[in-house]
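Order of the sequence lines fixes the chain letters, A, B, ..., with proteins taken first and strands second; residue numbering starts at 1 for each chain.
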Amino acid sequence: MTYVSPPPEARSRGWYKRNEIAVTPFLFLIPAVLFFAIYVIIPIGQSFWISFHEWDGLGDKTWVGTANYERLLFDDRKFTTSFWNNIKWLVLYLLAIPGGLFIALFLNQTVTGIRLYKSLFFFPFVISQVVVGLVFSWFYLPREGLLNAILAVFGAGPVNILGDPSTATYGIIAAGLWPQTAYCMILYLTGLNAVDPEQVEAARLDGAKGWRMLWYVILPQLRPATFIAFVVTIIGALRSFDLISVMTNGGPFGSTRVLSFYMFEESLSEFGFRMGYGAAIAVVLFFIMLGFIVYFLWSMWRDEKGAR
Amino acid sequence: MQSIFKASVAALALGAVAAPAFAESHTLSGDLRIISDMSNPAPRAVMEGLAADFGAMHPELNVELTIVDREAWKTQIRNALGANPPDVVNWYAANRMAPYVSAGLFEDITDMYENGDLTGLDSVKGALTIDGRQWGVPYTYYQWGVYYREDIFNELGLTEPTTFDEEIANCQVILDSGRKCYTIGTKFLWTAGGWFDYMNMRTNGFDFHMQLARGEVEWTDPRVRETFANWRKLIDMGAFIDDHQSYSWQEALNFMIDGEAAAYLMGNFAVAPLREAGLSDDQIDFYQFPMIADVPQGEDAPTDTFHIPSGAENKEAARAFLQFVTSPDVQTEINSGDGLGQLPVNANSGVDADEFLEQGFEMLTTNAEGGVAQFFDRDFPAEMASVGMEGLQEFMVFPDNLDDILERLEDARQRIYE
């Protein structure tokens with residue numbers, strides 16, 4: 001093999017032309033990376049930084065070390081309440097997944113007007129969370145509410161769901177489940193379209209039906225839909241801010257706060273502007289979310305590796 | 001009173017040209033940018049009128065008025081004061097302005113009070129004073145007290161109570177008639193602060209209440225407990241409507257309008273919606289919160305204010321505007337029943353011929369020897385106010401939790417005031 005000197009025009013080509021293949025992907029990434037850094041990565045760093053200070057958002061920051069975290073984790077009942085409410089949200093919100101699945105199975109048939117029924121079931125997801133919150137808070141009203149009217153028919157006494165600290169959070173979660181179930185239903189409806197009819201037929205020939213059919217044949221094929229439903233439901237549970245703000249404003253006496261609402265109250269509400277403390281709550285919430293995000297990323301990575 | 005009012009309205013109607021003398025002395029020019037939070041219909045009209053009149057007085061001056069939602073302004077003011085601030089803003093007196101004063105965002109206008117530019121404001125000056133200097137001007141204030149259904153009182157043969165014992169006796173009669181004594185909606189917490197203000201000022205006096213606000217007294221102090229014990233007498237009787245933690249103050253009005261509750265401890269702004277709902281002045285009346293202990297009566301009378309941001313560009317025009325707003329005639333006009341329907345801050349102004357304004361003015365000038373407080377959420381530092389009001393709401397629903405609540409508030413006090 002003889003050494004062939006590069007053609008003259010190749011040597012005269014610029015640096016970019018020579019490295020085109022290696023550089024171009026990074027060039028395409030730059031805008032996204034830049035915006036992601038400015039709007040996500042850097043603010044996360046700033047939140048960490050602020051959380052070690054005491055700051056009213058106007059004057060100078062005072063360095064307080066880990067004092068905010070010490071108070072938050074060991075000496076703050078509001079934080080404890082908010083944390084456990086977050087857990088309740090996370091667990092109960094998952095009910096939207098089986099709920100959505102069964103509505104989807106129920107609606108996955110060809111009857112006249114099925115499109116109309118489907119869109120009616122999907123309706124709560126289309127309207128704003130604020131409207132959902134308002135509708136449910138009227139539904140729960142202690143005297144005029146529909147819920148108490150229904151209970152009265154069965155002779156059950158009037159209840160004030162949102163006014164009782166032991167039931168208020170569950171009342172809000174129930175309101176949140178309404179649109180979330182609709183969302184999961186849509187995910188499963190699309191998933192059901194992709195179910196392989198030949199497999200179903202083969203299973204039927206083998207004598208599978210009912211629950212066994214669902215569990216061993218349909219559900220495994222719906223795995224991608226289940227995964228997405230799980231992700232959006234977890235994220236939805238952690239973002240449960242607007243419903244709380246509209247329905248109870250964190251009350252009665254702070255019993256329905258979650259971490260995101262508490263963070264808002266401490267840092268940005270009318271009586272807030274304790275930026276350092278709010279940032280500390282945000283950091284804790286960030287780590288909780290990070291746990292889920294890492295899990296999601298890991299399972300996606302595993303799936304991709306398996307598919308290869 | 002009526003004639004004074006008519007005369008001053010007439011004077012104003014002649015046109016702003018004839019009004020204040022300072023207009024002639026100097027020509028103001030440039031832009032005057034005002035951001036106001038007077039977003040409700042009636043206050044909005046007043047504010048727009050003020051800007052228009054001031055603009056007409058100073059033809060060279062371009063008055064630029066922005067009105068923002070009153071609730072939104074409570075958090076937006078920070079951004080507004082930061083970069084490129086306007087020349088005049090709305091805010092509240094007392095502790096509510098402390099963060100902006102200590103951050104150096106409000107202009108010190110002590111000189112205006114000292115050189116005689118602002119006359120007749122001596123009685124309200126205290127609410128605008130921090131560290132011995134003044135940081136803004138008031139433009140309106142209103143009394144708090146018990147608004148009640150006069151027709152229900154007449155039907156039951158009751159008279160306005162002056163002592164707590166009479167109050168309780170009245171309440172018993174009202175309860176026996178199948179009604180509740182007081183309506184209240186504590187969903188947004190602050191209404192409970194009004195009850196605490198009055199129970200504490202009547203039980204321990206105005207000075208003690210202010211000591212508590214300044215963090216000088218422990219929440220677990222026996223005197224504070226006495227306040228709650230008095231309050232509890234009413235709660236145990238069932239004097240308040242049920243489920244009040246689910247209602248806003250506006251929703252709670254319905255109980256009084258429907259006659260299910262006889263009275264409402266509220267600010268004078270409750271009168272307008274009661275009238276709009278069809279109650280005539282024969283059906284509503286007002287009395288001062290009754291005496292409990294033998295202490296000089298303190299009253300809540302929240303004051304709304306104008307300030308000049310320290311970064312304002314046209315401070316000369318801003319100062320002239322502040323002077324204009326607080327002048328006696330303008331005060332008479334904007335606080336009349338057609339305007340804000342509240343009390344003028346200038347001692348030389350006339351009070352509108354309105355049964356509630358007259359009673360309120362009378363009460364605040366002659367029968368509030370204890371002193372005038374702003375309100376729970378304006379006198380107490382912000383964080384103490386929010387923790388406190390939450391505790392007060394809890395107490396009203398579960399009075400048995402009092403020990404726990406007071407310990408929590410005391411913890412908060414030790415942390416907040418350190």
For atom [atom1] of [X], is the number of surrounding heavy atoms from other residues, nucleotides or ligands below 6.0 Å larger than 12?
| X | atom1 | value |
| --- | --- | --- |
| B:D236 | CG | yes |
| A:R239 | CZ | no |
| A:F48 | CZ | yes |
| B:E410 | CD | yes |

> So which part of A:S137 gets closer than 4.5 Å to some heavy atom of chain B, the side chain, the backbone, both or neither?
Replying inline: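 Nothing of A:S137, per the 4.5 Å heavy-atom cut-off to chain B.
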
>> Quick check for you: among A:S255, A:G254, A:G250, which has the greatest number of heavy-atom pairs under 4.5 Å with chain B?
In response: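 Of the options given, most contacts go to A:G254.
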
Just wondering, do [Y] and [X] contact through their side chains at under 4.5 Å, heavy atoms?
| X | Y | answer |
| --- | --- | --- |
| A:Y140 | B:S246 | no |
| B:T75 | A:F273 | yes |
| A:F253 | B:I405 | no |

> Taking only heavy atoms into account, what residues of residues 377-384 of chain B are found under 4.5 Å from chain A?
Replying inline: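 Only B:D377, B:A382, B:E383 of residues 377-384 of chain B have a heavy atom under 4.5 Å from chain A.
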
> For chain B, which residues from residues 66-78 of chain A have at least one heavy atom closer than 4.5 Å to it?
Replying inline: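 Interface residues of residues 66-78 of chain A: A:R71, A:R77, A:K78.
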
From [atom1] ([X]) to [atom2] ([Y]), nearest 0.5 Å:
| X | Y | atom1 | atom2 | result |
| --- | --- | --- | --- | --- |
| A:D56 | B:Y100 | CG | OH | 9.0 Å |
| A:L58 | B:L81 | CG | CG | 8.0 Å |
| B:W190 | A:E270 | CH2 | CD | 10.5 Å |

Identify the two heavy atoms, one from [X] and one from [Y], that lie closest to each other, and give their separation to 0.1 Å.
| X | Y | value |
| --- | --- | --- |
| B:D243 | A:P142 | OD2-CB, 3.2 Å |
| A:M247 | B:K187 | O-NZ, 3.3 Å |
| A:P252 | B:Q245 | CB-CG, 4.2 Å |

> So which part of B:L105 gets closer than 4.5 Å to some heavy atom of chain A, the side chain, the backbone, both or neither?
Replying inline: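 Contact with chain A: side chain only.
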
Show me the donor-acceptor pairs within less than 3.5 Å that the side chains of residues 121-134 of chain A make with the rest of the protein, sequence neighbours left out.
residue, atom, partner, partner atom, Å
A:S128, OG, A:V130, N, 3.0

> Taking only residues two or more places apart in sequence or in another chain, which ones pass salt bridge (charged side-chain N to carboxylate O under 4.0 Å, His left out) with B:R408?
Replying inline: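 Once residues adjacent in sequence are excluded, the partners of B:R408 under the salt bridge (charged side-chain N to carboxylate O under 4.0 Å, His left out) criterion are B:E394, B:D404.
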
